[in-house]
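For reference, the structure is listed below as structure tokens.
Note that the coordinates shown come from a computational prediction; the quantities given were computed from them, not determined experimentally.
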2 protein chains.
Amino acid sequence: MARTSSRQLSTADERREVVLRTAIGAFATRGYYGTTTSEVAKAAGISQAYVYRLFPDKESLFVAVIEHCSTRMREAFADAAAKAEGTAPAAVLDALGEAYARLIVDRDLLLVLLQATCAATEPAIGDAIRACYAREVEYVRAVTGADDEAIQRFFARGFLCNTVLALGADTIDAPWASTLRTGLRHY
Amino acid sequence: MARTSSRQLSTADERREVVLRTAIGAFATRGYYGTTTSEVAKAAGISQAYVYRLFPDKESLFVAVIEHCSTRMREAFADAAAKAEGTAPAAVLDALGEAYARLIVDRDLLLVLLQATCAATEPAIGDAIRACYAREVEYVRAVTGADDEAIQRFFARGFLCNTVLALGADTIDAPWASTLRTGLRHY
DNA sequence: CATAGAAGTAATTAATCACTCACACCTGCG
DNA sequence: CGCAGGTGTGAGTGATTAATTACTTCTATG
């Protein structure tokens, strides 16, 4: 039978999806070490024990979250790149920047990647976030054809955005904050 | 009597200094939540209990570490700015960039600021790191006379450096890593 | 020398953590 | 219906944590 809405239980795969999505918010605000599995469970509306049915351990869950965010980011880039295909490197980069600006509406998605960077000394997490940025950089290179310098500028701008978000500088009315925000698109 | 080297005990102020300096390394690698007061104590060569004689709690210690790093950074900028005083904004900014490149030799100093950014949802830590960047940005503005865009570029480059360091991308031999490193000075 | 007070710690506390296990409930299928 | 297997949890486990307490050792000074 096709999945009916009269079902009370979800399949494990559906639950995993829910946990993954809700865990983003938790990890984004308090990072890997600062987030407890109970908080994740509560956010997902399940018991803490069941988190361990869906993921072998906290580290695996965090790595899965990283990969989820990384994938969503690349999908957003792919959308933008498809529309700007064949134009000059600078134009494609600009389209990707636009995609990034729209992505930023969901602050948590980018903050998770920042948090992952901060927890990169944990081997499995370091591997995951490095792989994420490796894919990201090579994807941008492939789709834009831009040179090293332009790609670097693109990512530097991204990291700036992340920092502004993490500091809450996007909602602070002070010269230093608006200087860091200069020219950043937001929706 | 002037402080003799035959003393076995340090003064509390001396100890506080030592703890502050050694705690930088601990907090830099595992962040605020991930670092235990025992690790800090061990690194400083004192008992865990004595950490609480020198600082009221873990949060105050971390805030003190942030301020210590922030101060050292501004001192480095002040040195560089003094030498480049009176030259064009771009030249002063370049001198500050050079100072930053030399500062980066001590990875931990910058990583602490990155970790503080990630823990900025903790109110006291957020206040400290925001104040740090507020001072930093306004200092750079005052000493260079550069416009918003140039200052923003300067900090974006700094955040890029921090991320490269945190990822270990400075020692990775892969295209994505060297693309992110493009043109970055290092010593 | 005696002693006040500072330097320093071992031992402990209460809370919280990641993780486990035994068990209950639900659901599709023969 | 019966029952196999998937969904889900309550009630723990031992380890670790930030923070405290009660105590010892050192040292400057009168």
Salt bridge A:Arg72-A:Asp106, side-chain N to carboxylate O under 4.0 Å: yes
Nearest-angstrom distance from the residue atom CG of A:Leu54 to C1' of D:dT9: 12 Å
Lys NZ or Arg CZ of A:Arg102 over A:Tyr187 ring: under 6.0 Å, within 45°: yes
Rounded distance (Å) that lies between atom P of C:dA6 and atom CZ of B:Arg16: 12 Å
Presence of B:Arg15 side-chain N/O under 4.0 Å of C:dG8 phosphate oxygens OP1/OP2: yes
Rounded distance in Å - CG (A:Asp13) to P (D:dT7): 8 Å
Whether A:Thr144 side chain and A:Val140 backbone form a donor-acceptor pair below 3.5 Å: yes
Contacting residues from residues 20-28 of chain B, given that a heavy atom lies under 4.0 angstrom of DNA chain D: none
Between P of D:dC26 and OH of B:Tyr50, the distance in whole Å: 14 Å
Backbone of A:Gly158 reached by a side-chain donor or acceptor of A:Tyr100 within 3.5 Å: yes
Heavy-atom donor-acceptor pair, B:Arg30 side chain to B:Thr35 backbone, under 3.5 Å: no
Short side-chain to backbone donor-acceptor contact, B:Gln48 and B:Ala41, under 3.5 Å: no
Nearest-0.5 Å distance, CG of residue A:Leu111 to CG of residue A:Asn162: 7.0 Å
Protein proximity profile, nucleotides 16-22 of chain C - base contact B, sugar-phosphate-only contact S, no contact -, cut-off 4.0 Å on heavy atoms: -SBBBBB
Sub-6.0 Å ring centroid separation between B:Phe55 and B:Phe62: no
Atom-to-atom span, CD of B:Glu14 to C1' of C:dG8 - whole angstrom: 14 Å
